[in-house]
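What follows is a short report on a single structure.
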Amino acid sequence: MKIENTLLKICFIPLLYIGMMICSSSCTDENETNEQNQPFKSVFVEVDKEKVQAKVVDGKNLSLSFETAENFSEAKLNIELNDGYELIFPKDINKADLANYPVLNFRAPDNRIVKYWFNIFSKAFPILDDTKIGVVGLPNDVTVQNSTKEVLVNFNKNVMDMSNVELRFGEGALMEGAEIVSDLTYDFTEGLTQDLIIKLDGIDRPYKVRLNVATAMGDPKSYGFTNVTNDFVDAQQYPFLSVYTATSVTKVPIRNNAPETPWSWDVPADKVPEYLAFIGDWSTNRPTETIGNTLFAIATIDIKKANASMKSNNQLQIAVKDAGGLITMSGKPLGENTILYWDGQVLNRTNTSDAGWRAAVGFDDEGKVSFYNAAIQNDKMIRMPKYASYPDDYLATASEWNVKSAACGHPWLVRNGHSMTRLEMYVNDATNWEVALGEAWNGTRARSFIGITYDNKVGCAVVADGMSTCQAAWVLEKLGWKEVFYVGGNYYMANDFIPTLCVNGKLVVGDMNQQAQYCIAIDAK
């Protein structure tokens with residue numbers, strides 16, 4: 001058994017000898033007592049208002065069997081001593097920590113130290129062996145912490161979809177007679193902690209299932225970022241918001257050796273894959289560089305606290321300073337053709353290159369952000385899935401997209417944790433060719449992005465200069481963004497456009513007076 005919790009070691013395997021618990025130095029003497037020299041007449045233990053009598057297993061061990069008790073860190077002891085014996089540990093019999101120190105130490109009349117270990121069993125913890133628990137289709141990588149009644153699932157972003165994680169319990173994982181009565185398929189995009197209900201003896205024994213996404217979240221400091229949250233908000237008032245900035249970003253894969261907007265006809269056919277390599281085409285050993293003299297700013301907010309919306313008007317022109325929001329970011333430059341649906345009305349129904357459908361970001365009435373391939377039909381937004389091949393009839397795969405506002409954009413570089421290749425980008429854009437890669441995507445331009453992280457935060461990011469679209473998206477993916485959507489930036493038709501990010505009305509990067517077709521505003525719920 002590998003369940004990593006002291007309480008589990010004492011509570012869930014009947015008659016398990018606990019020989020490695022930490023206790024005072026007085027616990028190290030050998031116990032030489034026997035039944036004729038037993039230090040007590042009786043031992044009662046009360047936990048969570050359930051009181052049981054300890055049974056003597058042998059000269060070193062006592063067993064306790066509970067029906068519902070859970071909090072063994074605050075047990076009450078009632079011990080009737082034999083003549084001449086003294087209880088010296090635990091000191092406080094009304095608040096004994098049996099979770100971490102499941103032992104009784106007695107002083108005998110001849111000053112010997114006599115100790116008894118508790119073997120504790122409780123039906124409140126029906127999970128016996130976490131090595132028998134795993135994710136369907138994957139090797140077991142689940143641990144159980146019974147002190148908190150938590151099942152911890154370690155997330156692997158390379159092989160797992162956090163929106164569809166199904167647990168399996170093998171034979172021997174649960175106590176005899178226990179059954180799982182809740183759904184074992186979890187959507188952790190709705191929250192990293194979900195419910196698990198196990199029924200035993202007609203009583204629900206609830207656990208929490210938590211997805212551990214730590215391995216998917218890179219440390220911003222390792223790439224050159226500094227936490228500057230306190231410069232913009234009171235961290236005690238907004239503990240769910242973070243702001244990071246970097247003026248030099250390390251370990252970034254190099255750009256393609258090509259112009260800022262390369263085309264396939266520039267080079268021979270056999271050179272095109274390298275010349276137009278997109279983020280998903282990059283090899284893991286691609287050469288890297290440090291990009292200095294820039295300003296890369298990132299603001300994230302917990303999804304459950306985020307009320308995100310699009311700010312625009314019928315003139316398709318709004319300044320960042322007028323958009324409001326705890327987090328505010330500029331959208332598309334003025335004049336760039338893009339499908340724009342705002343507050344239930346179509347403001348613009350065409351994209352660049354006459355793309356009838358394209359990747360889009362949407363905002364619903366509850367302030368939730370989502371991403372789909374999208375189009376307009378009957379003056380309403382419709383959504384389509386990610387395509388593995390170019391669709392003959394995209395409408396056949398379309399459904400209503402229940403959003404209040406939405407805007408198309410390209411490229412959508414990281415989709416549900418997958419970094420898109422050049423060819424995948426093509427078939428997920430109505431143009432079905434390299435226009436799908438975006439404007440000036442290989443250049444060192446100023447850019448803005450919106451996305452979702454593995455730890456369920458909405459993120460807005462702006463890089464002032466010095467990075468290609470793929471380079472900036474690569475950094476965000478390494479920092480734990482599972483969705484990276486390009487919002488807007490400057491290019492040959494909007495050279496003066498300055499992508500802007502503000503937090504709490506304070507400028508992080510850009511120009512507060514910058515005009516855009518729309519802005520993204522995120523308030524705290």
Side-chain angles (χ1 to χ4, degrees), residues 157 161-164 187-190 216 278-280 298-301 303 306-310 327 329 331-332 338-342 351 355-376 380-388 391 394 397-421 424-430 436-438 441 447-461 469-470 472-474 476-477 479-489 518-522:
K157 70 178 183 180
D161 178 358
M162 65 184 294
S163 68
N164 184 23
D187 180 1
F188 288 105
T189 64
E190 300 297 325
F278 211 60
I279 183 173
I298 302 170
T300 61
I301 182 172
I303 279 179
N307 183 8
S309 64
M310 177 188 293
I327 298 173
M329 189 172 71
K332 283 284 187 188
T338 189
I339 287 178
L340 193 58
Y341 182 77
W342 172 69
N351 287 312
W357 58 271
R358 179 163 280 169
V361 56
F363 308 86
D364 67 15
D365 287 329
E366 296 180 353
K368 184 178 179 180
V369 181
S370 57
F371 305 91
Y372 285 96
N373 290 329
I376 292 176
K380 295 291 184 182
M381 294 299 299
I382 57 174
R383 69 186 194 186
M384 290 79 71
K386 174 188 171 186
Y387 295 117
Y394 73 89
T397 62
S399 60
E400 181 181 357
W401 193 10
N402 186 22
V403 288
K404 183 177 181 179
S405 302
C408 282
H410 67 306
W412 177 9
L413 297 96
V414 180
R415 304 189 181 201
N416 195 25
H418 174 71
S419 295
M420 299 287 283
T421 67
E424 288 172 332
M425 290 300 306
Y426 292 179
V427 301
N428 283 277
D429 190 88
L437 305 182
W441 61 274
R447 315 182 185 278
S448 63
F449 302 84
I450 187 171
I452 306 293
T453 66
Y454 285 108
D455 60 350
N456 286 340
K457 292 180 172 61
V458 181
C460 291
T469 304
C470 287
W474 184 93
L476 294 173
E477 193 278 334
L479 296 182
W481 288 41
K482 67 185 182 74
E483 307 287 354
V484 180
F485 181 91
Y486 179 83
V487 175
Y518 69 90
C519 289
I520 295 169
I522 306 176

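The figures that follow rest on heavy atoms only: side chains count, while hydrogens, waters and symmetry mates do not. What you are looking at is a predicted structure, and each value in this text was computed from that prediction instead of being measured.
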Within this structure, what is the [atom1]-[atom2] distance for the pair [X] and [Y], rounded to the nearest 0.5 Å?
X: R447; Y: C470; atom1: CZ; atom2: SG; answer: 9.0 Å
X: W481; Y: K457; atom1: CH2; atom2: NZ; answer: 12.0 Å
X: F485; Y: C408; atom1: CZ; atom2: SG; answer: 7.0 Å
X: T189; Y: D161; atom1: OG1; atom2: CG; answer: 8.5 Å
X: W342; Y: M310; atom1: CH2; atom2: CE; answer: 10.5 Å
X: T453; Y: L479; atom1: OG1; atom2: CG; answer: 10.5 Å

Is [Y] close to [X] at the side-chain level, that is, under 4.5 Å between some pair of heavy atoms?
X: C460; Y: I522; value: yes
X: K368; Y: F363; value: no
X: E424; Y: F278; value: no
X: I382; Y: I376; value: no
X: M420; Y: K386; value: yes
X: V487; Y: V361; value: no
X: L413; Y: W441; value: no
X: T469; Y: P411; value: yes

State, without any angle test, whether R383 and N402 hold a side-chain donor-acceptor pair at a distance under 3.5 Å.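 The answer is no; no qualifying pair exists.
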[X] to [Y] - nearest heavy-atom pair and separation:
X: A374; Y: M381; answer: CB-CE, 3.8 Å
X: T338; Y: N351; answer: CA-OD1, 3.4 Å
X: G459; Y: T300; answer: CA-CG2, 4.0 Å
X: N307; Y: G367; answer: OD1-CA, 3.2 Å
X: A375; Y: G356; answer: CB-O, 3.4 Å
X: Y454; Y: G417; answer: OH-CA, 3.1 Å

Dump the intermediate steps for side chain to side chain contact (heavy atoms under 4.5 Å, CB included) on F371 and N373, then the final yes or no. CA-CA 7 Å; F371 305 91; N373 290 329; over 6 Å; no
Counting N and O atoms only, with roles assigned by atom type, does the side chain of [X] sit under 3.5 Å from a partner on the main chain of [Y], one being a donor and the other an acceptor?
X: D187; Y: N164; value: no
X: E483; Y: N416; value: yes
X: W412; Y: V414; value: yes

Students often mix this up, so state it plainly: with edges at 30° and 60°, are the rings of F449 and Y486 parallel, tilted or perpendicular?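 Rings of F449 and Y486: perpendicular, over 60°.
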Does K157 come within less than 4.0 Å of E477, counting only side-chain N to carboxylate O?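 A salt bridge links K157 with E477.
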Is it true that K404 and D364 have a side-chain N and a carboxylate O under 4.0 angstrom from each other?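 Salt bridge between K404 and D364, a charged N being under 4.0 Å from a carboxylate O: no.
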Please name the residue in the list W401, W357, Y372 that meets the side-chain contact (heavy atoms from CB on, under 4.5 Å) test with M384.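 Of the listed residues W401, W357, Y372, the side-chain contact (heavy atoms from CB on, under 4.5 Å) partner of M384 is W357.
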From the options N428, I339, D429, select the one residue that forms a side-chain contact (heavy atoms from CB on, under 4.5 Å) with R358.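 Answer to the side-chain contact (heavy atoms from CB on, under 4.5 Å) test with R358 among N428, I339, D429: D429.
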CA sep, side-chain torsions, deciding dist, call: T397, Y387, side chain to side chain donor-acceptor pair (under 3.5 Å): CA-CA 10 Å; T397 62; Y387 295 117; 2.5 Å; yes
